[in-house]
Number of protein chains: 2
Amino acid sequence: MTLEQIFATRAARLKASEIRELLKLLDQPDILSFAGGIPDPSLFPAEAFAQAFSDALTPARQAQALQYSVSEGYLPLRRWLVNHMETIGVPCTVDNILITSGSQQALDYLGKLFLSPGDTALVGWPTYLGALAAFNAYEPVYDRLRIGTNRAPADYIAAAEAAGGRVKFAYLSADFSNPTGETVDRAGREHLLDQAEAMGCAVIEDAAYQALRYDGEAVPPILSLEIARKGTIEACRTIYCGSFSKTLSPGLRVGWVVAPQAVIRQLVLMKQAADLHSSSINQIAIHTVAERLFDSHVAELRAVYQRRRDAMLDALARHMPVGVTWTRPEGGMFVWLTLPEGQDGAALLARSLETVKVAFVPGRAFFADGSGANSLRLSFSCASEPMIEEGMKRLGVLLRANQSAD
Amino acid sequence: MTLEQIFATRAARLKASEIRELLKLLDQPDILSFAGGIPDPSLFPAEAFAQAFSDALTPARQAQALQYSVSEGYLPLRRWLVNHMETIGVPCTVDNILITSGSQQALDYLGKLFLSPGDTALVGWPTYLGALAAFNAYEPVYDRLRIGTNRAPADYIAAAEAAGGRVKFAYLSADFSNPTGETVDRAGREHLLDQAEAMGCAVIEDAAYQALRYDGEAVPPILSLEIARKGTIEACRTIYCGSFSKTLSPGLRVGWVVAPQAVIRQLVLMKQAADLHSSSINQIAIHTVAERLFDSHVAELRAVYQRRRDAMLDALARHMPVGVTWTRPEGGMFVWLTLPEGQDGAALLARSLETVKVAFVPGRAFFADGSGANSLRLSFSCASEPMIEEGMKRLGVLLRANQSAD
């Protein structure tokens, strides 16, 4: 038996992320890319990191920075996060916090903790495709999470049982989600909590973009609303996944989970078994930089990204043909375009790369059921305002030509 | 339903690593600890790392160091590893290499790739307990890997089938293993390859300590021997897991896997879904430091650790009572003690911490079947020679008292 035969069943569940494969092709200088959902590297607080790494490697501290450390995470960073969570309405202690290698790792661990094959995960149509990739390894069934509609919890439960499992969690990015840029309002969050309570399932709140609000009023985190209901985080069923990737640096791979201690204890054991701990020196450096400039740096990012979002919404309004609609995000990095029914985002991308040289991500990859062909994701995070204007103009030309051709 | 009830079945499979829990208790200044299997932090190439991080964060390079990067790993580091593997007899290309967050992560991914519940993993009695922890998440059955005995492959297969699965892999650390310090000789490795071939299973070669040989002749890696048989790595069933944790720094969490491309492709997808990639900046820093001083630094480590191993073997010979036996490792960090039958390493540790204040790891945790109570692991990596002499002397006193008391 060959190795491939041994892991054949497992391999069938893994498929390359279309986006990451796509991004490899888009590194060409003549392409105007709105594809990658990554922070603008020119905005990284690089000098602060240089100082932080240098500080971490002074003789007094180097042994700690370069040595093994505990699976729970660097205690001063967890303390900083306790304060940070308090400022966004989530009172907790260091025992409610685990440091992970980015929030992506939290999604993997939560899939591992909750999902047995055939269990149901509720996700948006569309949703973050990295979440689908993380959960897929544990062979769930997906059902469509609809917030604010009157689909009854009993219907979700019945569907899950018919699929041979149970509803284990609802996953969502409630603020400026990837890919749509949309935010779930307070009433929607309360409704979701009611539903989760009725279904007896967990809620996974992916807060990767939460700090990047440009206007409108902040909505409390779902976990904050649940703590307000129950009086203590220990009684909650919401698990909050945070990340420094969109605020300080993704390259250091530092994120965190906030949850009841019963959950954190399990995740700590899981992390101990899976990679021992996240990088010691990176946790120290993130702590140093966060302590020094988190708030001021995020304010700076918000100012820059807001201008880009404004430029994109403005350009879309001027250049898109009738029949194309899009979201108006109050934060984050993404605008979500819906093309007239019957058009195909993937085919459009192929034509776009050939003709107008504009890149974006076709929407279908974000749908657990393979629908959503007539949608696409645009990111404004790495584009200058003139580039956004030029890109949307070209895209408008292409879409008009496309519609005439149809 | 509470969250705990939701993940109850999963949680039962996770248990805290006795060693890591133990290490938390041993940070007391009056304890002479031979428990932790960690590198001596005073030997870290800290200045070289300070320079490397500083270089990585110069304006020309900082965007790359702080940004997302590819799941496969930093290409210059993979190129360096191609050369490194060549020097130890493993010809391969960058497409045979994945960078992981320590070799622990490789074990987790390999468990995920190969094991379905009920499948059999062959491991030593004893074996690295972190491997058991990583594999446990995937619910294998363990069978005892016996190298160089004439247990027939058909017997392993029959036992696996009786347990409801198949033999998926044999896992071992062939060089100066954790916990025994023992090395599998060339004939043993060839025998293992014969058996794996007959069983149609993979071989996971954990090479975490391989570079730390103090005397005796180097035995080629199992993967090297298999390539010699088959002509190309692509036809091999051995998967090599390397780590910089014991040579440069564990705190950066950088390890690697060398395997046929068919395996690497699967692991890349798995990593993409599980944590996107290992820290960009850490991979860059490890590459810089490895390129600059890997060989000379490892030579330095070998010289220091060799003296400590010699001191420990010498002290054991003088202080241990009759009836206690131990291994004579040619490298690594560990000596494995076997007490007379009926004695208990855990009970001995409790007495030791109370009376003579010497710490070590009781052996049972390293046995998948819970046997091995009359054994213990001593690490010499972090102890000075006088401390080793004093520690072994105290341990000898305790063991004599113990034997008189019995």
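These values consider heavy atoms only, across backbone and side chains, with no hydrogens, waters or symmetry-generated copies. Please read these numbers as outputs of a predicted model, since none were measured by experiment. Convention: sequence-line order gives letters A, B, ...; per-chain numbering from 1.
In this structure, CD on B/Gln67 lies 7.5 Å from OG on A/Ser249, to the nearest 0.5 angstrom. The distance from atom CG of B/Asp275 to atom CD of A/Gln104, rounded to the nearest 0.5 Å, is 8.0 Å. Here the straight-line distance linking atom OG of B/Ser245 with atom CG of A/Leu276 works out to 7.5 Å at 0.5 Å rounding.
The ring pair (Phe, Tyr, Trp, His ring centres under 6.0 Å) check on A/Tyr74 picks up A/His287, with sequence neighbours excluded. With sequence neighbours left out, B/Glu226 forms a side-chain hydrogen bond (donor to acceptor under 3.5 Å, both in side chains) with B/Lys230, B/Thr238. For A/Asp119, the salt bridge (Lys or Arg N to Asp or Glu O under 4.0 Å) partners at least two apart in sequence or on another chain are A/Lys168.
Contact of B/Ala202 with chain A is made through backbone and side chain together, with heavy-atom distances under 4.5 Å. Contact of B/Ser278 with chain A is made through the backbone alone, with heavy-atom distances under 4.5 Å. Neither the backbone nor the side chain of B/Pro59 comes within less than 4.5 Å of any heavy atom of chain A.
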Go through B/Ser279 and A/Asn282 one step at a time and tell me if the side-chain hydrogen bond (donor to acceptor under 3.5 Å, both in side chains) criterion holds. CA-CA 8 Å; B/Ser279 163; A/Asn282 291 7; 2.8 Å; yes
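In summary, A/Asp108 and B/Lys112 engage in a salt bridge, as defined by a charged side-chain N under 4.0 Å from a carboxylate O.
For residues 43-50 of chain B, the interface with chain A (any heavy-atom pair closer than 4.5 Å) comprises B/Phe44, B/Ala46, B/Phe49, B/Ala50, sorted by residue number.
Per-residue heavy-atom pair counts under 4.5 Å with chain A were compared for B/Gly130, B/Ala274, B/Ser280, B/Ala63, and the maximum is reached by B/Ala274. Of the listed residues B/Gly102, B/Ala134, B/Ala259, B/Ser42, the one with more heavy-atom pairs under 4.5 angstrom with chain A than any other is B/Ala134. Among A/Gly255, A/Ser103, A/Pro41, the residue with the largest count of heavy-atom pairs under 4.5 Å with chain B is A/Pro41.
Within the 4.5 Å cutoff, the side chain of B/Ile281 has heavy atoms near those of the A/Leu252 side chain.
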